[in-house]
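Since the structure is predicted, the reported quantities are computational estimates derived from the model, not experimental observations.
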Protein chains: 2
Amino acid sequence: MEKIIDSIKNKLRENDLRLTSQRQAILQILLEYRHAHLSVEELYNIAHEHYPELGIATVYRTLDTFVELGIVHKMEFGDKGARYELNVDDGQHYHHHLFCISCGTIIEFNDDLLEKLEERIINESKFLIKDHSLRFYGLCYECQQKGIE
Amino acid sequence: MEKIIDSIKNKLRENDLRLTSQRQAILQILLEYRHAHLSVEELYNIAHEHYPELGIATVYRTLDTFVELGIVHKMEFGDKGARYELNVDDGQHYHHHLFCISCGTIIEFNDDLLEKLEERIINESKFLIKDHSLRFYGLCYECQQKGIE
DNA sequence: TTGGGTGCAAACGGTTTGCAAGTAC
DNA sequence: GTACTTGCAAACCGTTTGCACCCAA
């Protein structure tokens, strides 16, 4: 745990960025809600309880900074707000997501299958892959039980 | 070709929707630019040349309607506008996309690998999959040649 | 001390909506 | 004629930005 915070402090220092109380607070929340895939507004509301002066612009700017540093992963949604999560495992074997279209639950799952596919793409299209995103949309078990279709 | 238009007319009729000149014009453009992955604004600008009175709200509403009918596929982007394309093959073997992060080119590729993965997800998580989205982000061959990293 | 960081409020840009007028059926 | 559609402009909402003040190093 302490390792994560230290490594982040180092990354900030290396980039001439300052460890402000706002950045610490946001980091704290990202650690605490590690599997919650927080939206900006959710994070802002949580932070607000202990840090009422914090502005939402700062949340946006801080998250952008963290994404740039590779500390945080941003998940884009169509027009609805983006969601963020800590980038725990150094970019290796990044997990993917199942999005429940009824209740909004996000379930994580791991997969190695994509590597074969990446090789094929590189060979067939000469496309240089830097990142990928795989999502499945559907209904989580709970919503199915409720009879939602 | 005519088949597509007829099947769409039928779908409209079945749903008590009217075949207005605006819907026809938009359909025409979607057919003509079938592999262009048009944004709303691009489509609106093209339509405007021959149909200056057309409002952008109508473009949005028409595309929504077409998506609902399964005629059109919507690709969401983070905050940047969505893109649309005709849903030619009846939902079978839908192709995926390579997004060039430098020039914005979108390259299509087909894949069947995902079916195995879907099976695994259904077994392991009881999640009912309705749709999926697989994207690779990187550099197309032309941008690599320009020395962009 | 000083340049990066913050809070505020206004601006932005894609998308949606209310409403009166238009038109396919 | 009736209900679905449309055009317009205003509203929306997540996000960004300009600017004066603040504070970490």
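- Put simply, CG on L12(B) is 12 Å from C1' on dT5(D), counting in whole angstrom units.
- With sequence neighbours excluded, the residues forming a side chain to side chain contact (heavy atoms under 4.5 Å, CB included) with Y141(B) are K126(A), Q145(B), listed by chain and number.
- Counting to the nearest Å, the P atom of dT15(C) and the CD atom of E41(B) are 9 Å from each other.
- Atom CZ in R13(B) sits about 17 Å away from atom P in dC4(D), given to the nearest Å.
- Residues that satisfy the side chain to side chain contact (heavy atoms under 4.5 Å, CB included) test with I56(A), not counting sequence neighbours, are V40(A), Y44(A), Y60(A).
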Could you list the protein-to-nucleotides 6-12 of chain C atom pairs, N/O on both sides, closer than 3.5 Å?
from: dT6(C); atom 1: OP1; to: T20(A); atom 2: OG1; distance (Å): 2.7
from: dT6(C); atom 1: O3'; to: Q22(A); atom 2: NE2; distance (Å): 2.7
from: dG7(C); atom 1: OP1; to: Q22(A); atom 2: NE2; distance (Å): 3.4
from: dG7(C); atom 1: OP1; to: E53(A); atom 2: O; distance (Å): 3.3
from: dG7(C); atom 1: OP2; to: G55(A); atom 2: N; distance (Å): 3.1
from: dG7(C); atom 1: OP2; to: T58(A); atom 2: OG1; distance (Å): 2.3
from: dG7(C); atom 1: N7; to: R61(A); atom 2: NH2; distance (Å): 2.8
from: dG7(C); atom 1: O6; to: R61(A); atom 2: NH2; distance (Å): 3.3

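- Scored by the side chain to side chain contact (heavy atoms under 4.5 Å, CB included) test, Q24(A) finds L19(A) as partners (sequence neighbours excluded).
- Proximity of Y60(A) to the phosphate of dT15(D): a side-chain N or O atom is located under 4.0 Å from OP1 or OP2.
- Judged as a ring pair (Phe, Tyr, Trp, His ring centres under 6.0 Å), and not counting sequence neighbours, Y51(B) has no contacts.
- Ionic pairing of R83(A) and E42(A) is present here: one or more N-O contacts between side-chain nitrogen and carboxylate oxygen are shorter than 4.0 angstrom.
- K80(A) places its NZ atom 15 Å from the C1' atom of dT15(D), with the value rounded to the nearest Å.
- The shortest side-chain heavy-atom distance between L63(A) and K74(A) does not fall under the 4.5 Å cut-off.
- The ring pair (Phe, Tyr, Trp, His ring centres under 6.0 Å) test applied to Y84(A) returns no partner, not counting sequence neighbours.
- With rounding to whole Å, L63(B) atom CG is found 15 Å from dT6(D) atom C1'.
- Rounded to an integer number of Å, the gap from CG of L38(B) to C1' of dG14(C) is 16 Å.
- Every residue two or more places apart in sequence or in another chain that forms a side chain to side chain contact (heavy atoms under 4.5 Å, CB included) with I29(A) is listed here: Y33(A), L38(A), L43(A), I46(A), A47(A).
- The terminal axes of the helix from dT1(C)-dA25(D) to dC25(C)-dG1(D), fitted over 5 pairs per end, subtend an angle of 40° to the nearest 10°.
- Projected onto DNA chain C by closest heavy-atom contact, D64(B) and R18(B) fall at different nucleotides, the more 5' of which corresponds to D64(B).
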Show the atom names and distances, to 0.1 Å, of all donor-acceptor pairs under 3.5 Å that link a side chain in residues 8-18 of chain B to residues at least two apart or in another chain.
from: N10(B); atom 1: OD1; to: R13(B); atom 2: NH1; distance (Å): 3.2
from: K11(B); atom 1: NZ; to: L69(B); atom 2: O; distance (Å): 3.3
from: N15(B); atom 1: ND2; to: K11(B); atom 2: O; distance (Å): 2.7

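- Here dT5(D) presents its C1' atom at 14 Å from CD of Q24(B), a figure rounded to the nearest Å.
- Set against dT15(D), dT5(D), dG4(C), the side chain of L17(A) has dG4(C) as its closest nucleotide.
- The distance from atom CD of E76(B) to atom C1' of dT15(C) is 11 Å, rounded to the nearest whole Å.
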